[in-house]
Amino acid sequence: MLRWAIRAAAANSYKRKIESASRSAKSNFNRAKREKNNIKQTEYMSEGLSDLADAVSNIAEMSFVSSLLVESIQKNLDEQTKDIVSKIKGR
């Protein structure tokens, strides 16, 4: 149970990081759209792409943590199912 809680907290942490990076990227892209100066426009686009790269990296890490979370949940469900079946057979 403790491992499940730790993994769930880690997945939630990555979720917040992904949301933050994607909002930042969107903001930079919107700035670039409004900017008239080509140099500043390019800088905003570059920052937006960097934020997107961070978001993708966090998505990959969250996917890994989520797969571990699913594995631990499945293991617990299997144990509970075996326990229920053995109790039913014991009647």
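Being a predicted model, the structure only gives us computed values, none of them experimental.
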Item to check | Distance (rounded to the nearest 0.5 Å) between Ser57 OG and Leu52 CG | outcome: 12.5 Å
Checklist entry - Where is the tightest heavy-atom contact between Asp54 and Ala21, given as atom of each residue plus distance? => result CB-CB, 4.3 Å
Checklist entry - Do Asp83 side-chain atoms and Glu79 backbone N/O form a donor-acceptor pair below 3.5 Å? => result no
Next on the checklist: Strictly by salt bridge (Lys or Arg N to Asp or Glu O under 4.0 Å), give each pair with a member in residues 12-21 just once, sequence neighbours left out.
Outcome noted: Lys15-Glu19
Item to check | Pairs where residues 26-38 contributes a residue and the test salt bridge (Lys or Arg N to Asp or Glu O under 4.0 Å) is met, not counting sequence neighbours | outcome: none
Item to check | Atom of Gly48, atom of Ala25 and distance for their closest heavy-atom approach | outcome: O-CB, 3.5 Å
Checklist entry - Roughly how far, to the nearest 0.5 Å, is OG of Ser22 from CD1 of Ile59? => result 8.0 Å
Checklist entry - To the nearest 0.5 Å, how far apart are CD in Gln41 and CZ in Phe29? => result 11.5 Å
